Structures are given as structure tokens and as C-alpha cells.
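Note sheet for the following structure.
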Protein chains: 2
Amino acid sequence: MKKNIQCDNNTCFLCKGCIKEWLPAIAANKKNFAVKKGQVIFSEGDPVKGIYFVYEGNIKVHKKWGADKELIIRFANKGAIFGHRVLGKHATHYPISATALEAGIICFIDMDFFEATLKVNPQFTYQLMLFFADELQEAEHKMRNLAHMPVKGRVAQALISLKEQFGLNPDGHIDVELTRQDLASYAGATYETVFRVVNELLQEKLISTNGKKISIINHDKLFLLTQDDEA
Amino acid sequence: MKKNIQCDNNTCFLCKGCIKEWLPAIAANKKNFAVKKGQVIFSEGDPVKGIYFVYEGNIKVHKKWGADKELIIRFANKGAIFGHRVLGKHATHYPISATALEAGIICFIDMDFFEATLKVNPQFTYQLMLFFADELQEAEHKMRNLAHMPVKGRVAQALISLKEQFGLNPDGHIDVELTRQDLASYAGATYETVFRVVNELLQEKLISTNGKKISIINHDKLFLLTQDDEA
DNA sequence: CGTGATATTGAGAAGGCTCAACAAAGGTGG
DNA sequence: CCACCTTTGTTGAGCCTTCTCAATATCACG
């Protein structure tokens, strides 16, 4: 049995949303796992066992296409919930995969207990519902972008939302370490194309890089790339 | 004041999900509207007033890009909720537009009252949350398709999901009348491209048409187009 | 019978993908 | 510390899908 690392109630989606009386029950029912960089937490088609929360580290949630293509749907960082799509009515298998981007700690809640939590705690259900509404809005925004926005704009959008989600480290770089391949999968384009686009952005001095680290220099112009010309 | 057409409690998402005691309150607070074909119910950027349900007819929920492009996110038919993305935390304006595809009747619930409903009726909140989880799963599925699936597959997918949502009329056609333009916007491609793809599908005898009406002849082969080769 | 909307088809351009080659970097075992 | 090997980065060329634009045809309807 691993050391039971306690969740930080101020950041974890689950604990933050729960009523006080229920917190001991959560503490008793959750299981914390350490994950290694690149470790697959669950994979598309796996039978559903429960819901996950990130305590430390970053997780990518992705969906495969063919043998060697994928789209990264979103990233889950500290405090975030993932695996929650399975709450839907007919969901018996995970529709997506989750992989650790770096070493971290995740917290697992058995599905039955999680559903009990929802029943006991309507306020939490409400919070979850709001969260879903936001996610849905974002997903639909991305759908439109994938359909109509050129790759350059999608990369710009990807960088901006990475910055929003992960923030900056002291030297001004976006505080996450992504492979170019992951950036490409997040933007919904190929490795090579993203590579070229990133070069353009460097040339145009909208961003700068230091190894894998990227920082945004001209946020305004970058943002312009994500807009349609004539609204 | 328009005639107050009562919702059918067995089909409307709202009434079906609500506790009995609350139904009179809903009846007192909802407003039913008749909508004409092509009528815009709300538009991207409009300030949020409330939530809508479809009593009769079909609504398209869409998101613009530039002056003359859009992506149809989903269709709402009898009983369905729409405008619900605005439940998210920072949502003060509709992120999408809703337009009637045909004459129909919609039911409007003021935002404040709807939120009161959620508070009074945790079971409904729970149902809504499940619904969102399903929507989210579907949205993310579509995201991947837009990113990686060729147009032909997307059109096939569009036809299949139209069939699932609207069913067939007595002569076997998908029971909804869509313009080609709308089909194109739903599949995330241009009018001309969709036109050509539809021709291919006719040639291959996977579908047949009668004016705007489309019917699926070979569901299995059509479905194959929506799959990736090597899983 | 005209007029505007929708359908149909073609040619061409462009954006993005594939493939392939090579360079650089980063480990690993000797 | 070096040789080796694997992974990741970098670049070019060509192709293919899809979009764009434009021309004509057909339809709906007053």
C-alpha cells in the first residue's frame, strides 16, 4: 500500500466542491497513485472503473485515429477531473485515453462511490454540471476552429490556451513541457506542419523558444491569428 | 399573449426530468413561442436571457466563422434542450446561434427560474449533468473526426447521425428536410464538396435521394467510411 | 415568363499531408 | 569517454484533398 498522500482541499475539484461532512468519506474511498512520465492511465475502450483527479502533474486526454494519429482533447493539470465523460448514460467504456505527460500523482474514485457522492451532495453535482457546460462550450468552439480555422490560427490558439491553463514560469515561458508531437496533436495537425508554422511565428517575432519551452512575445498579434477577418 | 400550448411531459427534457411538485411552477413560468422557418431564436453574442426547449419542430445550433461560413454543432428536435451552454460560470452571452429549420414551437424558461429549478430539483440537475456528459463525449468525437477524418467519412457520419436523431419517414427517407448548405455546414465542408461526395455515395449505391430527402441504402458500407482503417 | 435561389460542373489554386533524407541530440553499454 | 543506436529535430519535394471561383443549368414561384 502506497503512502496515502492527502489531497489539497483548496485545489482539487472533488474536495473543493464537496460538503465538509462528506470529506472523510472521500478520504476513505479514494486511492492515490503515482504515475510516471508517459504512463497510460486508461485507454480508449477500457471498461469504466471510476473517475480521476490530478493531484500533481499533467495529464493529456486524447483520442486516437488510425494507428499513428491522435487528437489531444484537453490537458488536465493540478486539481482537475478527468475520465468524467463516462458519466453519460450508456458509457461503459472510456471513449478517450489518458496519459501522464510527466511524473505526478493522481487520485482515483470508484464509480459507485462517486455516484453516491453526487447523490449526497447536490451542490457538487451542480458544480460538475457547470463545469461540463464550460467544457462543452470550449469543445464546440474547438470544433468550429478545426473545421474552419487554418493551421496557423489553430497553433496560435493552442499556445494561447496552454498559456492560460499552465501560466508562465519565472523566465516567462509557458509552464509546461510538451513535445512538438503533442503540440501538433493538440492543434490537430501534423508534426511537420506545426514545425513549419512555429518557425513562421518565430520569424514574425510573435513567440520565442528555448528548447522545448515556448513563450509568447506578442500576444495581441498571436490572438489576431485566431480571429476571422470579417465578423 | 399567445395561446399557452402545454408541453408534453413525456417528451420534454425539462418536464420529464422534473419532480411532480415543481411542474406547476414550470407551467407558470415558461413561455411558449411559435417560430417560423428560418427564424433566428438567438444569435452569437446576444446577452443570455434563459434556456430553451423544443416542443415542435427542429432547431439548428450553429457557430459562425467569418462572413459566410458556419459549423452546425447539433440539431435540437422535439423535447430537446438548447441554449444550455450558457450555464457555464462566465457565460453572459450566447456562444452560438439557434435558428429554426422549420415552423415549430419552442418553450422559453427565464434563467433565474431555471436556476431555481436546479436548486429545488437535484435529480434534474443530475439528469442535466448526464446529458452534458453525453454531449461532451459526442462533441469530442466530432472534434477528432473534423481533425482527421476525410470529408467523405464526415458526410457519412453526418447522414448516420441524422438518421439516428430524426428517424425515417414511411417511405424510408431520413425524416428531416435539410438544405445541402446545412448538410455541408454540419459535416464541416463546403457546399460543392459535399455535393460531389453525395454524388459519389449515390454512384456507389450507399444512399439514394428524392429531392432534398435522403435515404440510406447500405448502412454497413456507409458506416465503414466513418471508421479508420487500422485501429 | 422573368427573377432570384438553388443545383451542377469544371478548372485552378492552395493548404496541408506524406514520404524521405539527413542532422542533431540524448542515452547506453562497453 | 567513446562508439553506437534510438529518438527527435529539420528540411525539401511532390501529391492529394479540399476550397475557391466562375460559368451555366434548373427550379420555385409570383
Side-chain angles (χ1 to χ4, degrees), chain A residues 36-38 60 64-71 99 101-102 143-158 177-203 207-214 225-226 228-230, chain B residues 37-38 64-71 99 101-102 143-158 177-203 207-214 225-226 228-230:
Chain A
K36 285 175 293 197
K37 180 174 180 169
K60 67 171 176 178
K64 289 188 216 306
W65 175 261
D68 46 8
K69 283 185 189 172
E70 64 172 16
L71 182 72
T99 307
L101 286 175
E102 52 190 68
M143 274 174 66
R144 190 208 50 185
N145 291 352
L146 284 167
H148 294 308
M149 194 187 271
V151 169
K152 194 167 178 180
R154 300 212 300 270
V155 171
Q157 177 70 66
E177 199 152 314
L178 274 191
T179 65
R180 288 290 151 98
Q181 181 57 64
D182 279 340
L183 180 58
S185 297
Y186 188 44
T190 56
Y191 181 94
E192 294 94 327
T193 299
V194 168
F195 178 84
R196 286 177 239 256
V197 166
V198 165
N199 268 351
E200 281 182 52
L201 295 176
L202 284 169
Q203 225 100 71
I207 64 173
S208 70
T209 56
N210 179 359
K212 254 177 226 169
K213 297 285 188 179
I214 299 182
L225 293 174
T226 69
D228 46 355
D229 312 315
E230 51 221 303
Chain B
K37 179 172 180 170
K64 291 189 213 308
W65 176 261
D68 46 9
K69 283 187 188 168
E70 63 171 15
L71 182 72
T99 306
L101 287 175
E102 53 189 66
M143 274 173 66
R144 190 209 50 186
N145 290 353
L146 283 167
H148 294 309
M149 190 187 274
V151 170
K152 194 167 178 178
R154 300 212 299 271
V155 171
Q157 177 69 66
E177 199 152 316
L178 273 191
T179 65
R180 289 288 151 95
Q181 181 57 64
D182 279 339
L183 180 59
S185 298
Y186 189 44
T190 55
Y191 181 92
E192 295 92 325
T193 301
V194 167
F195 177 83
R196 286 176 239 257
V197 166
V198 165
N199 269 351
E200 281 182 53
L201 295 175
L202 284 169
Q203 225 102 72
I207 64 173
S208 70
T209 55
N210 179 359
K212 254 176 225 166
K213 296 285 188 178
I214 300 182
L225 293 174
T226 68
D228 47 356
D229 313 314
E230 51 222 307

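Keep in mind that what you see is a predicted model, and the values were worked out from it rather than measured. Residue numbers begin at 1 in each chain, while the letters A, B, ... track the order of the sequences.
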In whole angstroms, the gap separating C1' of C:dT18 from NE2 of B:H148 amounts to 15 Å
Side chains of A:M149 and A:T226 in contact at under 4.5 Å (non-hydrogen atoms):
yes
| message | In the structure I gave you, are the side-chain heavy atoms of A:N199 and A:R196 within less than 4.5 Å of one another anywhere? | response | no
B:D182 and B:E70 have their tightest heavy-atom pair at OD1-OE2, 3.9 Å
Name the pairs: protein N/O against N/O of nucleotides 20-23 of chain D, kept only if under 3.5 Å.
| from | atom 1 | to | atom 2 | distance (Å) |
| --- | --- | --- | --- | --- |
| D:dT20 | OP1 | B:K69 | NZ | 2.9 |
| D:dT20 | O4 | B:R196 | NH2 | 3.4 |
| D:dC21 | N4 | B:E192 | OE2 | 3.1 |

When you compare the protein's N or O atoms with those of nucleotides 26-30 of chain D, which come within less than 3.5 Å of each other, and at what distance?
none

Rounded to whole Å, the CG-P distance (A:N145 to C:dG16) equals 13 Å
Rounded to whole Å, CE of B:M149 lies from C1' of C:dG16 at a distance of 19 Å
Note: A:V155 and A:A187 closest approach over all heavy atoms is CG2-CB, 4.0 Å
Rounded to whole Å, the CZ-C1' distance (A:F195 to C:dC17) equals 16 Å
For A:A156 and A:L225, the nearest pair of non-hydrogen atoms, with its separation, is CB-CB, 4.0 Å
From NZ of A:K152 across to P of C:dC17 the rounded distance in Å is 15 Å
A:L71 atom CG is separated from C:dC17 atom P, nearest whole Å, by 12 Å
* Asked: Any side-chain heavy atom of A:H148 sitting closer than 4.5 Å to one from A:D228?
  -> no
Output for pair (B:K212 NZ, B:T179 OG1), nearest 0.5 Å, gives 6.5 Å
A:R180 CZ to D:dT11 C1', in whole Å, measures 14 Å
Atom CG of B:N210 and atom P of C:dA7 are separated, to the nearest Å, by 14 Å
Comparing B:T179 with B:N199, nearest DNA chain C nucleotide closer to 5' gives the residue B:T179
Nearest heavy-atom contact between A:L146 and B:A147 is CD2-CB, 4.0 Å
Whichever of A:Y191 and B:G188 has the more 5' nearest nucleotide on DNA chain D, that residue is A:Y191
- Please confirm whether the backbone N or O of A:K64 pairs with a side-chain atom of B:R144, one donor and one acceptor, at under 3.5 Å? yes
